[in-house]
Structures are given as C-alpha cells and as structure tokens.
Colleague: 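Sharing a structure with you now.
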Amino acid sequence: MIDSLFSQVSTNAELTMTTALLTMVISIVLGAIISFTYRKTQPNYTQSFTLTMVVLPAIVAIIILLIGSNIARAFSLAGAFSIIRFRSAPGDPKDIAFVLFTMAAGLASGVGAFGYAVLFTVVLCVLMFVLKVIKFGEKTATQKLLKVTIPENLGYEEAFDEFFRKFNIAYELRKVRTTELGSLYELVYAVTIDHLTNQKEFLDAIRTRNGNLDITLTMNPVTQEY
C-alpha cells in the first residue's frame with residue numbers, strides 16, 4: 001500500500017477521468033495546506049496571493065496531465081504560455097519560495113507521485129512553522145536614520161555621545177548641514193537600535209539637549225544615500 005502511494009505513474013499511461021479528478025483534488029488540497037501555512041507564518045499577506053496558492057498546484061498539475069509524454073503538445077503549450085506577460089513588481093523572497101513550493105506540489109501531483117507530493121508538502125509546511133516559532137534569521141537590531149536639529153552654539157561633534165552610550169546605541173555621524181541661514185545645524189546619524197531599546201525615552205533625552213527642536217527617526221532600515 002505504502003509502495004503504491006509513493007510510486008510514480010508512468011507518463012505513457014492513458015489519461016482517465018478518475019486520474020484527472022484525483023490529481024486535481026489532491027493538488028487543490030495541497031495548495032490549500034500551503035496557503036494556510038503561508039497565512040499563519042507571514043505577518044502580511046493579500047487575499048489574492050493566498051487564493052493563487054490554492055489554485056496554482058491544480059493548474060500546474062493539469063498542464064502536466066495534458067502534456068504527458070507528447071513532445072509536440074509540450075512545445076505547443078510552451079508557445080501558448082510564452083505570450084503571457086506578468087506585469088508585477090518583484091515580490092518578497094519568501095513569496096517567491098511559496099510560489100515555487102506550490103508549483104512543486106502541482107508537478108508531483110501531475111506526474112502521479114501523490115505520496116511524495118503529500119510528504120514534501122507536510123515536511124516543508126512543518127518546517128515553515130518551526131522557523132516561525134524559533135524566529136529564525138530575525139534581526140535583534142535595526143539600522144535607522146536619525147535627523148536632529150541643534151542650535152549653532154551646541155557643538156555637534158559630541159553633542160549626543162552620552163545618550164548613545166546610555167542607551168547602548170551604535171551610531172555614525174553621516175551628514176552635517178546648516179539651516180535657517182546658518183542659525184541651526186541638521187545632523188544626520190545612522191543608528192543601530194536594539195529591539196529592546198525604549199525609543200521614546202531615547203528621543204526624549206535627545207530633546208532635552210537640542211532645545212526641543214526637530215527630531216526625525218525613520219522606522220525603516222537605512223537604504224538611501226546621504
């Protein structure tokens with residue numbers, strides 16, 4: 001029984017309605033499992049993407065069933081799909097991995113390797129949940145951009161050194177420019193802030209030193225030129 005589940009159907013076998021229905025049902029179920037895993041392990045997702053992951057394995061499986069071992073049919077389908085243009089921005093690497101995941105499930109179902117399709121899907125879904133639980137690869141510190149305006153009578157070289165040391169924040173002064181006809185300075189720091197750091201207390205400390213002038217702390221990692 002187990003050997004039959006993990007045996008691959010020959011590509012020369014005649015396509016029957018029973019085989020087609022079984023393949024579609026299994027591929028849709030696997031797609032639903034993968035989509036569920038994606039929704040539970042990713043903080044942000046769209047409904048359209050989760051629905052796509054449900055139907056994509058079935059689409060791939062149908063293509064494999066239609067092609068079979070017919071080389072001419074394979075070239076015909078390749079030519080038909082070559083006219084499709086995908087106009088979407090590059091996705092998140094995790095999204096791309098899940099797309100490949102669903103396609104692999106569809107391919108395995110399409111060739112009749114149902115046992116392997118189920119096995120691989122279960123193992124990889126469990127892996128995704130484990131990586132989510134242990135927070136694998138999660139950053140403990142994030143580099144951000146801090147812009148501080150100070151009066152001209154405040155020396156900018158070491159103006160906030162004590163606060164950076166107090167809150168254990170690594171920093172680098174990247175840019176200094178004058179504003180308001182030279183009466184104010186704008187300092188631009190690249191700071192690395194740990195996730196345990198109280199950012200409000202840190203900014204309040206900066207405000208006490210710069211006279212409550214403008215302060216800007218970006219909430220996204222630094223990716224721009226200064």
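What you see is a predicted model, and the numbers here were worked out from it, not measured in a lab.
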Colleague: Quick one, T46 with S48, criterion side chain to side chain contact (heavy atoms under 4.5 Å, CB included). Give me CA distance, side-chain angles, the key distance, then yes/no.
Modeller: CA-CA 5 Å; T46 62; S48 61; 3.4 Å; yes
Colleague: Given side chain to side chain contact (heavy atoms under 4.5 Å, CB included), test R39 with M53 step by step and report yes or no.
Modeller: CA-CA 11 Å; R39 289 188 290 110; M53 284 191 292; over 6 Å; no
Colleague: Judged by atom type as modelled, is there a donor-acceptor pair below 3.5 Å linking the side chain of T102 to the main-chain atoms of G31?
Modeller: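 Not at all, since once roles are kept as given, no pair shorter than 3.5 Å links the two residues.
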Colleague: Would the number of heavy atoms belonging to other residues, nucleotides or ligands and lying under 6.0 Å from CD of E157 be above 12?
Modeller: yes
Colleague: List the atom of T50, the atom of S35, and the distance in Å for their closest heavy-atom pair.
Modeller: O-OG, 2.9 Å
Colleague: Locate the shortest heavy-atom distance separating V54 from A32; write the atom from each residue and the value.
Modeller: CG2-CA, 4.0 Å
Colleague: So F164 and F202, would you call those rings parallel, tilted or perpendicular, with 30° and 60° as cut-offs?
Modeller: tilted
Colleague: Using side-chain heavy atoms (C-beta onward) and a distance below 4.5 Å, is T192 in contact with I169?
Modeller: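 No, side chains not in contact.
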Colleague: Using 0.5 Å steps for rounding, measure from the OG atom of S109 to the CG atom of L30.
Modeller: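 These two atoms lie 5.0 Å from each other.
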Colleague: Going by heavy atoms in the side chains, are T19 and M17 under 4.5 Å from each other?
Modeller: no
Colleague: Does any N or O in the side chain of T41 come within less than 3.5 Å of the main-chain N or O of F129, such that one atom is a donor and the other an acceptor?
Modeller: no
Colleague: Pair L146, V148 - check side chain to side chain contact (heavy atoms under 4.5 Å, CB included), show working.
Modeller: CA-CA 6 Å; L146 175 65; V148 184; 3.7 Å; yes
Colleague: Counting C-beta onward and ignoring hydrogens, is there a side-chain heavy-atom pair between E172 and Y189 closer than 4.5 Å?
Modeller: no
Colleague: Measure the spacing between CG of L203 and CD of E201 and express it to the nearest 0.5 Å.
Modeller: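 L203 CG to E201 CD: 10.5 Å, rounded to 0.5 Å.
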Colleague: Is there a side-chain contact between L145 and V188 (heavy atoms, below 4.5 Å)?
Modeller: yes
Colleague: Anything under 30° is parallel, anything over 60° is perpendicular, the rest tilted; go ahead and classify Y185 against Y156.
Modeller: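 Tilted: the ring planes of Y185 and Y156 meet at 30° to 60°.
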Colleague: For T149, does its backbone N or O pair with a side-chain atom of N210 as donor and acceptor, under 3.5 Å?
Modeller: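 Yes, N210 side chain to T149 backbone: donor-acceptor pair under 3.5 Å.
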Colleague: Hydrophobic clusters here meaning ILVMFWY residues chained together by side-chain heavy-atom distances under 4.5 Å, can you tell me if I34 and I64 are in one?
Modeller: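 Per the 4.5 Å side-chain linkage, I34 and I64 are co-clustered.
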Colleague: So how far is it from Q47 CD to T52 OG1, rounded to the nearest 0.5 Å?
Modeller: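 Interatomic distance, Q47 CD to T52 OG1, rounded to 0.5 Å: 10.0 Å.
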Colleague: One pair to check against side chain to side chain contact (heavy atoms under 4.5 Å, CB included): F101 and C125. What are the steps and the verdict?
Modeller: CA-CA 10 Å; F101 187 6; C125 285; 4.0 Å; yes
Colleague: Can L127 be reached from V99 by stepping across I, L, V, M, F, W or Y side chains whose heavy atoms are under 4.5 Å apart?
Modeller: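 Yes: a chain of side-chain contacts under 4.5 Å links V99 to L127.
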Colleague: Does the gap between the ring centers of F49 and Y38 come in under 6.0 Å?
Modeller: yes
Colleague: Under a 4.5 Å side-chain heavy-atom rule over Ile, Leu, Val, Met, Phe, Trp and Tyr, are M128 and I134 clustered together?
Modeller: yes
Colleague: Within the 4.5 Å heavy-atom criterion, are F160 and I150 side-chain neighbours or not?
Modeller: yes
Colleague: Do I33 and L51 share a hydrophobic cluster, counting only Ile, Leu, Val, Met, Phe, Trp and Tyr and linking them when any side-chain heavy atoms are less than 4.5 Å apart?
Modeller: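 Each belongs to a different hydrophobic cluster.
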Colleague: Distance check, rounded to the nearest 0.5 Å: F167 atom CZ versus I206 atom CD1?
Modeller: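 F167 CZ to I206 CD1: 8.5 Å, rounded to 0.5 Å.
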Colleague: Is any NZ, NE, NH1 or NH2 atom of the basic residue among E162 and R209 found under 4.0 Å from an Asp or Glu carboxylate oxygen of the other?
Modeller: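 Yes.
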Colleague: Which heavy atom of Q42 sits nearest a heavy atom of K94, and at what distance?
Modeller: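 Distance-wise, the nearest heavy atoms are OE1-CE, 2.8 Å.
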Colleague: Show your working on side-chain hydrogen bond (donor to acceptor under 3.5 Å, both in side chains) between D95 and Y45 and close with a plain yes or no.
Modeller: CA-CA 9 Å; D95 295 346; Y45 60 87; over 6 Å; no
Colleague: How many angstroms lie between OG in S27 and CD1 in I59, if you round to the nearest 0.5 Å?
Modeller: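 With rounding to 0.5 Å, OG (S27) is 9.5 Å from CD1 (I59).
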Colleague: If Ile, Leu, Val, Met, Phe, Trp and Tyr residues are connected whenever their side-chain heavy atoms lie under 4.5 Å apart, and connections chain through other members, are F36 and I28 in the same group?
Modeller: no
Colleague: What is the minimum heavy-atom distance between V60 and G106, and which atoms define it?
Modeller: CG1-C, 3.9 Å
Colleague: Give, for atom CD1 of I215 and atom NZ of K147, the distance between the pair rounded to the nearest 0.5 Å.
Modeller: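 Between I215 CD1 and K147 NZ, I get 13.5 Å after rounding to 0.5 Å.
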Colleague: Taking the side chain as C-beta and beyond, is there a heavy-atom pair between T178 and L184 under 4.5 Å?
Modeller: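 The answer is no; the side chains never approach within 4.5 Å.
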Colleague: Can you confirm whether T197 sits close enough to N168 that some side-chain heavy atom of one is under 4.5 Å from a side-chain heavy atom of the other?
Modeller: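 The answer is no, as the side chains (C-beta and beyond) never meet within the 4.5 Å cut-off.
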Colleague: Any side-chain heavy atom of L21 within less than 4.5 Å of one from T23?
Modeller: no
